[in-house]
Amino acid sequence: MNEEEKTILPSNVKQIGSITGGCRIYMEDYACTYLQQYAQCEPGREKAAFLVGKSCEVDGEEVLFISGVIKGKYTVRRGGMTELTEKSWQYADKQLKMYFEGLSVIGWAYIQPGFEDYLSDSLMDYQRRYAKKGLSLLFLNDPTEKVSSFFKWDEEGESFNTVKGYLVYYEKNEGMHEYMLDNKLKTVVKEDTASKDPTTDEKITRTVRSTDNNRTRVRSAEQKRLSNLLGSVSFVMLLVCFVMGAGLIRSDERINVLEHELSLLQNDMEGVQSVFASQNSVPVTETSTQATSAETTTAVTTTEANKKDEYVSYTVEEGDTLLKICKNEYGNDDRVEEIMELNDIDDPSRLYVGMELKLPQE
């Protein structure tokens, strides 16, 4: 690799498909994620979107960088397909100035559920008319069959050339991140499929939560039994003191008898304390003040245990982003800001492999 490639081409990439010569395509992870979400929302409806980025040449080979996606608004249905209108282009120009300064439209995406990567005559005609306006690259996607392909328009032959494979790269992409937050999409999930066929990650998460809940209930039950026993011991001690006081007032002759009974009772209580301490590692006190302190400690422990149930721990892996984690854990990206607040994250792009995140409970 020469110095020009080292300067221009990203190093942190993931290859999708088999890469061939002629044209190399790099798509930033945020743009790739948003494009997938856009394809999956409103299932069954054909849609279009603008691909934003730049083009350059490395060692005589054209390299396209797609760092943004703008959804196609104000489209019309004409000739058997959904077409971008002049108003759609005006909307795209406005978004370019707001979020993608210095970039331009280098292609477009067409979502056609149920048609895989079939190039219809209508698509060919539309491409021929708008190729010179910047739509030289086409990303064709079928979210139903999960099929997608890139096509590059050949002006001389007036035909599409298939671009096999592309590279997803990861970098700080504030413009796309802000656009995603301001233009959130709702992904439709079939309830019967989601409930009857949970993924492996969902099964593991449910098992861990169930185990944690069981442990919490066991700890609570043990602490409750300890609290009841301490309360009973305190009551017995108070009762003994009351009986002793009454006996001393009534008769001096009862003093020796009561002292003997107290001695026996104390020996019994020491035995109970010794057995209970060996089983629970919690000392049994002889005064009501010490019992109250133990109850307070127990309440604090219970509160801390309950707080742990408010979130689960997640370790960041290679390729993870907050949007991707949110989508995998909750099925959408509505809780990105909640995760950022829980983890004191100001910049969502500064995730690193091995980073421990707190994820809120569903």
Side-chain angles (χ1 to χ4, degrees), residues 10-14 16 26-41 49 52-53 65-71 95-103 167-187 189 194 198-209 211-213 216 303-362:
S11 58
N12 188 11
V13 298
K14 179 176 67 175
I16 307 296
Y26 288 82
M27 182 181 294
E28 203 281 322
D29 182 55
Y30 277 174
C32 185
T33 299
Y34 191 76
L35 191 57
Q36 291 174 353
Q37 293 176 351
Y38 185 59
Q40 293 170 359
C41 71
V52 177
F65 292 92
I66 303 172
S67 55
V69 174
I70 300 175
K71 59 184 179 180
Q95 304 309 300
L96 281 171
K97 295 176 182 178
M98 290 178 60
Y99 301 99
F100 308 105
E101 186 176 357
L103 302 179
L167 297 163
V168 177
Y169 69 100
Y170 306 88
E171 70 174 14
K172 188 175 182 180
N173 192 352
E174 295 181 354
M176 190 63 214
H177 180 245
E178 291 178 3
Y179 181 83
M180 293 172 71
L181 292 178
D182 295 340
N183 298 270
K184 292 184 178 180
L185 301 170
K186 293 184 178 180
T187 302
V189 179
T199 63
T200 301
D201 291 339
E202 290 174 342
K203 291 179 181 178
I204 293 174
T205 302
R206 292 175 184 175
T207 302
V208 171
R209 291 174 179 172
T211 302
D212 291 341
N213 291 336
T216 301
T303 302
E304 293 177 351
N306 290 336
K307 287 183 177 180
K308 293 180 180 179
D309 286 339
E310 295 178 0
Y311 61 85
V312 294
S313 179
Y314 178 86
T315 302
V316 176
E317 300 178 353
E318 184 175 355
D320 277 345
T321 64
L322 286 183
L323 287 169
K324 184 182 295 183
I325 293 172
C326 194
K327 176 184 175 183
N328 290 339
E329 293 295 324
Y330 309 107
N332 54 58
D333 59 356
D334 294 340
R335 307 187 76 171
V336 169
E337 296 181 358
E338 184 179 352
I339 294 175
M340 292 174 61
E341 182 178 353
L342 182 61
N343 292 274
D344 295 328
I345 296 176
D346 297 326
D347 188 347
S349 64
R350 293 183 179 175
L351 299 185
Y352 56 86
V353 176
M355 181 179 182
E356 292 291 333
L357 293 179
K358 298 177 182 178
L359 301 183
Q361 296 280 21
E362 295 186 11

Side chains of [X] and [Y], heavy atoms from C-beta outward: is any pair under 4.5 Å?
| X | Y | answer |
| --- | --- | --- |
| L342 | E338 | no |
| L185 | M180 | no |
| Y169 | N12 | no |
| I339 | Y330 | yes |
| V316 | Y352 | no |
| I345 | M355 | yes |

**Prompt:** What are the two closest non-hydrogen atoms of G68 and F100, and how far apart are they?
**Reply:**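 That closest heavy-atom pairing would be CA-CE2, 3.8 Å.
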**Request:** Indicate the atoms forming the closest heavy-atom contact of D333 with C326, along with that distance.
**Result:**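 Smallest interatomic distance, heavy atoms only, reads CA-SG, 3.6 Å.
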**Message:** Suppose we call two aromatic rings close when their centres sit under 6.0 Å apart. Are Y170 and Y30 close by that rule?
**Reply:**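 Not close enough - the centres of the two rings lie 6.0 Å or further apart.
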**Message:** Take a 6.0 Å sphere around NZ of K184 and say whether it holds more than 12 heavy atoms from other residues, nucleotides or ligands.
**Reply:**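 Count over threshold, so yes.
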**Request:** Apply side-chain contact (heavy atoms from CB on, under 4.5 Å) to E356 and Y314, showing your working.
**Result:** CA-CA 6 Å; E356 292 291 333; Y314 178 86; over 6 Å; no
**Request:** Please test M27 against L167 for side-chain contact (heavy atoms from CB on, under 4.5 Å), starting from the C-alpha separation and ending with a verdict.
**Result:** CA-CA 6 Å; M27 182 181 294; L167 297 163; over 6 Å; no
Donor-acceptor contact below 3.5 Å, side chain [X] vs main chain [Y]:
| X | Y | result |
| --- | --- | --- |
| N332 | D334 | yes |
| N173 | S67 | yes |
| D320 | E317 | yes |

Could you grab the distance from atom [atom1] of [X] to atom [atom2] of [Y], nearest 0.5 Å is fine?
| X | Y | atom1 | atom2 | value |
| --- | --- | --- | --- | --- |
| L96 | M98 | CG | CE | 11.0 Å |
| D344 | K358 | CG | NZ | 8.0 Å |
| Q40 | L35 | CD | CG | 10.0 Å |
| Q95 | D182 | CD | CG | 9.0 Å |
| E171 | Y26 | CD | OH | 12.0 Å |
| L359 | S313 | CG | OG | 7.5 Å |

**Item:** L323/K327 under side-chain contact (heavy atoms from CB on, under 4.5 Å): CA gap, chis, key distance, verdict
**Value:** CA-CA 6 Å; L323 287 169; K327 176 184 175 183; over 6 Å; no
**Item:** NZ/NE/NH1/NH2 to OD/OE distance under 4.0 Å, K172 and D347
**Value:**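 D347 and K172: salt-bridged.
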**Item:** Ion pair check, D29 and K14, cut-off under 4.0 Å
**Value:**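 Here D29 does not pair with K14 in a salt bridge, since their nearest N and O are not under 4.0 Å apart.
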**Request:** Check the pair V69 / V52 against side-chain contact (heavy atoms from CB on, under 4.5 Å), numbers first and verdict last.
**Result:** CA-CA 6 Å; V69 174; V52 177; over 6 Å; no
**side-chain contact (heavy atoms from CB on, under 4.5 Å) against E101, all qualifying residues, sequence neighbours excluded** =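 side-chain contact (heavy atoms from CB on, under 4.5 Å) list for E101, sorted by chain: empty.
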**Message:** Restricting to side-chain contact (heavy atoms from CB on, under 4.5 Å), what partner residues turn up for D346, sequence neighbours left out?
**Reply:**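 Applying side-chain contact (heavy atoms from CB on, under 4.5 Å) to D346 gives none.
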**Request:** Please confirm whether K71 makes a cation-pi placement over Y38, using NZ or CZ under 6.0 Å from the six-membered ring centre and within 45° of the ring normal.
**Result:**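 Pair K71/Y38 does not count as cation-pi.
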**Between N183 and Y34: side-chain donor-acceptor atoms closer than 3.5 Å** =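 No, no side-chain donor-acceptor contact under 3.5 Å.
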